[in-house]
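Throughout, a chain's letter reflects where its sequence line sits, starting with A, and its residues are numbered from 1. Scope of the values below: all heavy atoms of this structure, side chains included, with no hydrogens, waters or symmetry mates.
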Amino acid sequence: EAGVAQSPRYKIIEKRQSVAFWCNPISGHATLYWYQQILGQGPKLLIQFQNNGVVDDSQLPKDRFSAERLKGVDSTLKIQPAKLEDSAVYLCASSLEGVYNEQFFGPGTRLTVL
Amino acid sequence: KQEVTQIPAALSVPEGENLVLNCSFTDSAIYNLQWFRQDPGKGLTSLLLIQSSQREQTSGRLNASLDKSSGRSTLYIAASQPGDSATYLCAPEGGAGSYQLTFGKGTKLSVIP
């Protein structure tokens, strides 16, 4: 069974530029998550989708971050404009449903903002 | 707000030793708890999922226990190997009115050959 796919793996941009990350979850998984992991910290949830609807985006900085999940499968996370403090690893995860189900993570995208 | 603490922050042991990693959380109203490992520059690999009604879960040399009422979980690794070197993260799901996974900062394990 294929795992969670993410691209790109690495991205370097300058502050105020925009960037987008892509995620393809495990086939059949209804729930998709985007996390931000700053160096030395545990991941922090940014947004959770159930199929193509948003379940929780309470920790998403909506003035600069946006996310969508088209047709309940792939998802993109965008940052516009980027700030220095956005430098982090962005992890995508998926699960069969929401609560009670194991989450499976992709390899992440390491973003460096200069 | 659910808060998770993992002790110790770092641990170095000789190969073959048995070891215990500790995780504590502030709100015991959780649905389950997951243990993950993270290798440098990589994503998270799920190791064990313990449902709130369970006391422990085993996979190979790994055994995780959960004491929900006291807000604690432990991950026991038997006969450690150099390949076990990684950062181990625990994440309870739920608590403090949320359905989210809340992560600790992890325990960085080094197993010395």
A/Q48 side chain to A/T31 side chain, donor-acceptor N/O pair below 3.5 angstrom: no

Test item: side-chain donor near acceptor, B/Q100 and A/Q59, under 3.5 Å: yes

Side chain / backbone / both / neither for B/Q6 at chain A, heavy atoms under 4.5 Å: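 The answer is neither part of B/Q6.
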
Engaged part of B/L44 at the chain A interface, taking heavy atoms whose separation is under 4.5 Å: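 Contact with chain A: backbone and side chain both.
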
A/K15/A/D86 ion pair, N-O < 4.0 Å: no

Contact origin within A/Q6 toward chain B - heavy atom pairs under 4.5 Å: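 For A/Q6, there is no contact with chain B at all, as no heavy atom is under 4.5 Å.
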
Aromatic plane relationship, A/F21 with A/Y90 - under 30° parallel, 30 to 60° tilted, over 60° perpendicular: parallel

